[in-house]
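We name chains A, B, ... by the order of the sequence lines, and we start the count at 1 in each one. Not measured: the values here are computed from a predicted model.
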Amino acid sequence: SQQGEEDPQALSIQEGENATMNCSYKTSINNLQWYRQNSGRGLVHLILIRSNEREKHSGRLRVTLDTSKKSSSLLITASRAADTASYFCATDALGANSKLTFGKGITLSVRP
Amino acid sequence: EAEVAQSPRYKITEKSQAVAFWCDPISGHATLYWYRQILGQGPELLVQFQDESVVDDSQLPKDRFSAERLKGVDSTLKIQPAELGDSAMYLCASSPATGARDEQFFGPGTRLTVL
């Protein structure tokens, strides 16, 4: 079963614009991670935010976490054509067996 | 920069045949994962190893799938016999941490097509 659900399913923007992607989850978590996947390739880790953190930055990426709403957002500022990819949120649920559960992903297209 | 290696990158087989995938994690990473990713979906964990021991194989279809990591380094995932529904991307990942407390490093994947 997939705990995280991303929104929207697909997003198309112009180069230079900001892209905001959302993730909602169902159970309490240790951490939430965002990954990027270029077509036909493996996933690349972008950022990890722990349950006691509210916001993290990494270059042009900004991630927020609201544990009361069980939601997270990923903001990519000043998007580039190279940001075109699928983006996945993954949650590490609280419990004895620590493992990542991925959502279905968001397809981001950045038009040059 | 160290990477997770996987082979083959592509595999086409007929149903009822046996297939095997190989993964070499980043050196020193104790935890190794095999995921299956169906087109348009996120990866789903099949099996997790901590060194040579299986930590979680609850989602592994054990009637046809097997996985091993004999010396706690590289790993092999086998399907016998393959079925049409097994067509997917098979991803290997590794991490230095136990469980999902840290980021995972993914290999390029093996795209399996079952005819």
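- Side chains of Q37(B) and Q37(A): a donor on one and an acceptor on the other come within 3.5 Å.
- Under the ring pair (Phe, Tyr, Trp, His ring centres under 6.0 Å) rule, Y35(B) has a single partner from F88(A), Y35(A), F102(A), which is F102(A).
- Taking the side chain as every heavy atom from C-beta outward, L43(A) and L91(B) approach each other to under 4.5 Å.
- The candidate with the highest count of non-hydrogen atom pairs below 4.5 Å against chain B, out of Q9(A), H45(A), R41(A), E6(A), is H45(A).
- Within a 6.0 Å radius of CD in E17(A), other residues, nucleotides and ligands contribute more than 12 heavy atoms.
- Distance check, rounded to the nearest 0.5 Å: CD of Q59(B) to NZ of K99(A) gives 5.5 Å.
- Within 6.0 Å of the NZ atom in K11(B), the count of heavy atoms belonging to other residues, nucleotides or ligands does not exceed 12.
- L46(B) and L32(B) end up in the same hydrophobic cluster when Ile, Leu, Val, Met, Phe, Trp and Tyr side chains are linked at under 4.5 Å.
- More than 12 heavy atoms of other residues, nucleotides or ligands shown are found within 6.0 angstrom of NZ on K62(B).
- Taking P108(B), S58(B), A93(B) one by one and counting their heavy-atom pairs under 4.5 Å with chain A, the maximum is reached by P108(B).
- With rounding to the nearest 0.5 Å, the separation of CD in E44(B) from CG in L100(A) is 13.0 Å.
- If you chain together hydrophobic residues whose side chains sit under 4.5 Å apart, V73(B) and V4(B) never meet in one group.
- For Q80(B), the CD atom counts as loosely surrounded, since its 6.0 Å shell holds 12 or fewer non-hydrogen atoms of other residues, nucleotides or ligands.
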